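Keep in mind it's a predicted model, so treat the numbers as computed, not measured. Letters A, B, ... are given to chains in the order of the sequence lines, protein chains preceding strands, and every chain is numbered from 1.
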Protein chains: 2
Amino acid sequence: MLIGELGDRVGVSTKTIRYYEGIGLLPQPRRSDNGYRAYGPEDEARLAFVKTAQQLGLSLEDIGQVLALRGAGTAPCEHVRGMLREQIRGIGRQLAQLRAMREELQTLEAAIDQIPAGEATVCRVIEHTRGPRQDLASAGSAVSSRRSG
Amino acid sequence: MLIGELGDRVGVSTKTIRYYEGIGLLPQPRRSDNGYRAYGPEDEARLAFVKTAQQLGLSLEDIGQVLALRGAGTAPCEHVRGMLREQIRGIGRQLAQLRAMREELQTLEAAIDQIPAGEATVCRVIEHTRGPRQDLASAGSAVSSRRSG
DNA sequence: CTAGGGGTTCCCCTCGCGGGAAGGTCAACC
DNA sequence: GGTTGACCTTCCCGCGAGGGGAACCCCTAG
């Protein structure tokens with residue numbers, strides 16, 4: 001199986017496959033005489049595993065750890081369960097941040113017309129705001145990144 | 001005012017200030033005889049503006065547009081209002097994604113013990129899952145990035 | 001004279017790839 | 001046999017928003 005076919009079957013790009021190989025997430029495959037990567041069904045399974053784990057929110061580093069555990073003969077299920085729990089906690093934290101952020105923004109938007117133009121040098125909307133708590137700033141970055149995707 | 005003092009007053013690092021200058025968000029400041037950047041109060045105001053806008057979730061590119069509008073003589077408040085509304089919508093989308101993601105994970109976690117070890121080659125927890133809907137994958141990445149920060 | 005705390009430029013690192021260049025390979029068609 | 005087009009290869013650059021650190025300059029206090 002060539003890299004393109006593998007990618008099509010699993011639903012990832014050839015770029016992604018080469019990248020995974022580069023960071024050690026996938027083993028270096030056998031090469032055909034012409035230098036092309038040659039994959040078998042076990043590579044498809046592993047790549048599908050990576051993709052699914054990623055869709056569960058695990059980072060590639062996390063996934064690498066799981067695969068390494070398994071490679072060392074340890075059943076990684078308990079480890080994975082811990083990761084998922086941490087993942088759920090992380091989502092909870094992020095939800096709280098985003099809710100607070102949204103409330104802040106909604107309050108600001110509702111109050112825009114009441115803000116006096118006054119001494120603003122650029123924009124009264126922003127200059128009237130003296131910054132929400134710092135931990136909200138990190139929530140915001142994830143949002144605007146969503147816009148370009 | 002030297003760069004360090006400006007950073008301290010506004011609460012950003014000197015790295016950040018130089019970075020903003022590099023991408024054109026802050027103007028190139030006057031230089032003292034020794035080559036040091038020399039800032040005035042107007043620079044402090046502009047930097048504080050950038051910081052506040054960023055805490056509201058605007059990207060540096062967005063902020064640059066606002067500053068450019070203002071530089072062109074246009075009052076950017078309406079523009080900013082639109083950005084804030086879009087920001088609020090974006091947060092709503094992200095909240096929905098995260099909630100769905102969390103539910104998916106919670107369901108999975110609750111059902112782990114019912115998953116038969118069966119034919120799993122790495123981890124039954126992940127291999128039993130056949131991937132949540134694709135749009136959830138993007139929600140996950142924001143979560144795990146929160147962990148290392 | 002030396003220590004220390006400023007400042008300066010420069011380049012590499014993040015995370016998960018995507019885009020594209022420059023080139024080799026293969027099957028199909030004229 | 002030549003040519004097209006779809007594959008494949010390696011390589012480097014880019015994203016957002018800076019952080020870390022090297023190598024070096026400047027200034028002051030002891």
Looking for any heavy atom pair under 4.0 Å, which part of the strands does Ile3(B) touch: base, sugar-phosphate only, or nothing?
sugar-phosphate

Gap between atoms [atom1] and [atom2], on [X] and [N] respectively (whole Å):
| X | N | atom1 | atom2 | answer |
| --- | --- | --- | --- | --- |
| Leu6(B) | dG7(C) | CG | P | 10 Å |
| Tyr39(B) | dT8(C) | OH | C1' | 12 Å |
| Tyr20(A) | dC15(C) | OH | P | 14 Å |
| Ile63(B) | dA17(D) | CD1 | C1' | 11 Å |
| Lys15(B) | dC11(C) | NZ | C1' | 9 Å |

Just wondering, do [Y] and [X] contact through their side chains at under 4.5 Å, heavy atoms?
| X | Y | result |
| --- | --- | --- |
| Glu86(B) | Arg89(B) | yes |
| Leu69(A) | Val122(B) | no |
| Glu21(B) | Arg37(B) | yes |
| Leu98(B) | Gln94(B) | yes |
| Met83(A) | Leu56(A) | no |
| Pro116(B) | Arg124(B) | no |

Looking only at the side chain of [X] (C-beta and beyond, no hydrogens), which of the listed nucleotides [options] gets closest?
| X | options | answer |
| --- | --- | --- |
| Gln54(B) | dG16(C), dT9(D), dA17(D) | dA17(D) |
| Tyr19(B) | dG20(D), dA17(D), dT10(D) | dA17(D) |
| Ser13(B) | dT9(C), dG19(D), dC8(D) | dG19(D) |

Find which nucleotide of DNA chain D each of Leu2(A) and Glu61(B) is nearest to by heavy atoms, and output the residue with the more 5' nucleotide.
Leu2(A)

Near DNA chain D, under 4.0 Å by heavy atom, which residues of residues 28-38 of chain B?
Asn34(B), Tyr36(B)

Can you check whether Arg18(B) has a side-chain N or O nearer than 4.0 Å to OP1 or OP2 of dG18(D)?
no

Distance check: side-chain N/O of Thr16(A) vs OP1/OP2 of dG18(C), anything under 4.0 Å?
yes

